[in-house]
Amino acid sequence: MEYPKEMFLKDVDESFYCANYLRAWILEAQLEEYLKGEYGEAWFGEKKAGDFLRELWSYGQKYRADELAKELGYQGLDIDPLIRQADDALS
């Protein structure tokens, strides 16, 4: 399929939503790592983990991803948990 050179940015969202998706995936991996550390591998069956998530979700979009990561004990967004998650999925 030929694609005109002048159209190379046609499929790019003005707000670069793909960056938001990447930030969300990074935070999701950090959150999962946090939950496993706090509540064990079966965190999803722990009432305290559910209570924690309900509290976290009650904030809606009040906080940015990097702010939430700091609340979980990270310096900010850290891609290492996402890399570990991908490595685990491939092994």
Results of salt bridge (charged side-chain N to carboxylate O under 4.0 Å, His left out) for K47 - residues two or more places apart only: D51
Shortest non-hydrogen separation from G76 to A69 and the atoms involved: O-CB, 3.4 Å
Non-neighbouring partners of R64 that pass salt bridge (charged side-chain N to carboxylate O under 4.0 Å, His left out), sequence neighbours left out: D66, E67
L68: side-chain contact (heavy atoms from CB on, under 4.5 Å) partners, not counting sequence neighbours: L27, L56, Y63
Where Y39 and A49 come nearest, the two heavy atoms and their spacing: CD1-CB, 3.6 Å
More than 12 heavy atoms of other groups within 6.0 Å of E46 CD: yes
Sequence neighbours excluded - side chain to side chain donor-acceptor pair (under 3.5 Å) pairs with any residue from residues 25-38: E28-Q85, E32-K36, E32-Q85, E33-Y74, E33-R84
Residues which pass side-chain hydrogen bond (donor to acceptor under 3.5 Å, both in side chains) with E55, listed by chain and number, not counting sequence neighbours: Y59
Closest approach of I26 to D78 (non-hydrogen atoms, all atoms of both residues): CG2-O, 3.4 Å
Heavy-atom side-chain contact between L35 and F52 under 4.5 Å: yes
